[in-house]
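Just so we're clear, the structure is a prediction, and the values are computed from it rather than from any experiment.
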Amino acid sequence: MKAVVFSLGCKVNQCEGQSIISALAAHGIDATDKLEIADFYVVNTCSVTGEADKKSRQAIARVRKLNPSAKIYVCGCSSQNNAVVFAQKQNVRLVFGTSGKMHMVEEILSDLNSNRKTSCCDLFPLSSVYEDDLLPYHTKTRSYIKIQDGCNNFCSYCIIPYLRGRSRSRSINSIVSEAETAAQSTKEIVLTGINVSAFGKDTGESLCALVRHLGHLPVRKRFGSLECTVIDDTLLASMRESGFCDHFHLSLQSGSASVLKRMNRKYSPEFFLDKVRLIRKFFPDAGITTDIITGFGGETEEEFEETVRFAEKAEFSDLHVFPYSERTGTKACSLPQIDMSVRQERATRLIETGKKLHNRFLCSLSGTVREVYAERQENGETVGYTTNYVKVYSSLPVGGLFLVKIQNPYKEGVKATYYE
């Protein structure tokens, strides 16, 4: 029997999707994450924006087109947010939320040989503890290890705390055990979670302790994302000593102090910039990327320009830009709303700023020697990433770590040659 587990959205969803694949495979089912003809489908949805909800709904039609008679099962943030809209769709048998995804596999297996009518509740309970039953398959390239779930921040624009629940951490011993297994087959592990920066606050452990416990692993290590509020000398020193990559994805969201206050973000632009400078003290060539929302409720043109100026001052290596998306039930919905065309136009302008910053960062690396992980072939060229997350095009053999000499900017990254 063939199954497809199609996961939308964040790396946590991808990690959980891989765990569903592993669980199905343990029952003798040929499962994959590639969209292809199958006997049944699991659609693991996302709800971070309205567009994510839309893509999650469209995914049902996409898999039904591949096999019009296939049984479909739905889980994830979008179905947690609105189960009924999925339950009403043709071929959908069962709908689940964000919790209990391994238990969900048992229900799917039970339903596969059943022709009974299914029912759908419209409210799924959220877990109050970390569900440490995920066993994702680790590939030979990059392994994502989930260390935390949920969020307590309640940023005014974000619906995820309502769909994922409060922050809860996995134990260091459990994380290290999975990381040691992953290190047998992969060259790099990425620690991911809904809010990685909250790790350990509910268990008495800490990010620094986790970093030190992973220091012995002979693989590259990096965090998927961090908040600027956890950046300090102790964490950075621990990362440097434990072989962590010099790439930091720090979520900014806005470079305007007044917008940050309306967003309920717990820092000022000046505080954020101090943390960027501290990172560069420990990691001089660090790639520092960020997320920015344009057209947030009530954002003036001057507030937007403050964000543009801040991005230039911080000298980010790349920007991930998103026009603001209202999420029903969040406090930001009560703010004056900016016309969507303005949100998009500001996003376009900021993306152009991001391209300039990215190119400037790439040029600054010209002539330097960096380690690259040669991951795959892409249109006849080997593609991989440096420790500071620059995409490298080369003629290196796939599958190894190599020292390369960076040449000139090329496509979305740089050209490089083997350095002897």
* To do: Before giving the answer on ring pair (Phe, Tyr, Trp, His ring centres under 6.0 Å), spell out for Tyr41 and Tyr73 the whole-Å C-alpha distance, their side-chain angles and the decisive distance to 0.1 Å.
  => CA-CA 6 Å; Tyr41 297 85; Tyr73 304 91; over 10 Å; no
* To do: Check step by step if side chain to side chain contact (heavy atoms under 4.5 Å, CB included) holds for Glu375 and Val398.
  => CA-CA 6 Å; Glu375 298 180 21; Val398 171; 5.9 Å; no
* To do: Would you please test Asn67 and Ser69 for side chain to side chain contact (heavy atoms under 4.5 Å, CB included) and show each step?
  => CA-CA 5 Å; Asn67 182 355; Ser69 62; 3.0 Å; yes
* Determine, step by step, whether Glu303 and Arg262 satisfy the salt bridge (charged side-chain N to carboxylate O under 4.0 Å, His left out) criterion, reporting the C-alpha distance in whole Å, the side-chain angles of both residues, the deciding distance to 0.1 Å, and the verdict. => CA-CA 12 Å; Glu303 287 172 329; Arg262 295 200 298 275; 3.1 Å; yes
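The closest donor-acceptor contact from the side chain of Thr382 to the backbone of Leu396 lies under 3.5 Å. A donor-acceptor pair under 3.5 Å is absent between the side-chain atoms of Arg346 and the main chain of Ser341, judged by distance alone. Of the possible polar contacts, one joining the Lys187 side chain to the Gly399 backbone as a donor-acceptor pair under 3.5 Å is found. The backbone N or O of Ser242 lies less than 3.5 Å from a partner atom in the side chain of Lys221, making a donor-acceptor pair. Panel note: side chain Thr45, backbone Ser78; a donor-acceptor pair is recorded below 3.5 Å. Remark: side-chain polar atoms of Thr386 are paired, donor with acceptor, to backbone N or O of Val390 under 3.5 angstrom. Checking side-chain atoms of Asn44 against main-chain N and O of Phe6 turns up no donor-acceptor pair under 3.5 Å. Asp111 places no side-chain N or O within 3.5 Å of a backbone atom of Ser114 that could act as its donor or acceptor partner. Between the side chain of Asn13 and the backbone N or O of Leu8 there is at least one donor-acceptor pair closer than 3.5 Å. Although no hydrogens or angles enter the test, the distance criterion places no donor-acceptor pair under 3.5 Å between the side chain of Gln407 and the main chain of Val414.
Summarising the geometry, atom CG belonging to Asn264 is positioned 8.0 Å from atom CG belonging to Asn153; distances are rounded to the nearest 0.5 Å. Atoms CD1 and CD1, on Ile72 and Ile108 in that order, are 12.0 Å from each other to the nearest 0.5 Å. Atom-to-atom distance recorded for Cys363:SG and His358:NE2 is 10.0 Å, nearest 0.5 angstrom. Note: Ile160 CD1 to Phe154 CZ = 11.5 Å, rounded to the nearest 0.5 Å. Rounding to the nearest 0.5 angstrom, the gap separating the CZ atom in Phe322 from the CG atom in Asp291 is 5.0 Å. With rounding to the nearest 0.5 angstrom, the CZ atom of Arg170 is 9.0 Å from the NZ atom of Lys146.
Annotation for His320: atom NE2 counts as buried by contact number, over 12 foreign heavy atoms lying within 6.0 Å. Annotation: Lys391, atom NZ; neighbour count of heavy atoms from other residues, nucleotides and ligands within 6.0 Å is above 12. For Lys2, the NZ atom sits in a packed shell: over 12 heavy atoms of surrounding residues, nucleotides or ligands are nearer than 6.0 Å. Around NZ of Lys356, the count of heavy atoms belonging to other residues, nucleotides or ligands within 6.0 Å does not exceed 12.
Note on Lys201 versus Glu227: no salt bridge recorded, every NZ/NE/NH1/NH2 to OD/OE distance being 4.0 Å or above. Using a 4.0 Å cut-off between a side-chain N of Lys or Arg and a carboxylate O of Asp or Glu, Arg376 and Glu378 qualify as a salt bridge. Salt-bridge check for Arg343 with Glu326: passed, with a basic side-chain N closer than 4.0 Å to an acidic carboxylate O. In summary, Arg309 and Glu302 engage in a salt bridge, as defined by a charged side-chain N under 4.0 Å from a carboxylate O. Using a cut-off of 4.0 Å between Lys/Arg side-chain N and Asp/Glu carboxylate O, Lys411 and Glu381 are scored as salt-bridged. Salt bridge status for Arg222 with Glu188: present, with a side-chain N to carboxylate O gap under 4.0 Å. Arg164 has a carboxylate O that lies under 4.0 Å from a charged side-chain N of Glu16, or vice versa, which qualifies the two as a salt bridge. Comment: Glu131 does not engage Lys101 in a salt bridge, judged by the lack of any side-chain N to carboxylate O separation of less than 4.0 angstrom. The pair Glu352-Arg349 does not count as a salt bridge, with every side-chain nitrogen at least 4.0 angstrom from each carboxylate oxygen. For Asp285 and Arg370, the salt-bridge test passes: some basic side-chain N is under 4.0 Å from an acidic carboxylate O. Electrostatic pairing of Arg327 and Asp53 counts as a salt bridge here, judged by a charged N lying under 4.0 Å from a carboxylate O.
Ile194 pairs in a side-chain contact (heavy atoms from CB on, under 4.5 Å) with only one of the listed residues (Cys151, Ser225, Ser167, Pro161), which is Cys151. The side-chain contact (heavy atoms from CB on, under 4.5 Å) test with Phe199 singles out one residue from Ile175, Val230, Leu226, and that residue is Ile175.
Between Tyr373 and Tyr385, the ring center distance fails the sub-6.0 Å criterion.
Cation-pi geometry between Lys415 and Tyr410 is satisfied (NZ or CZ under 6.0 Å from the ring centre, within 45° of the ring normal).
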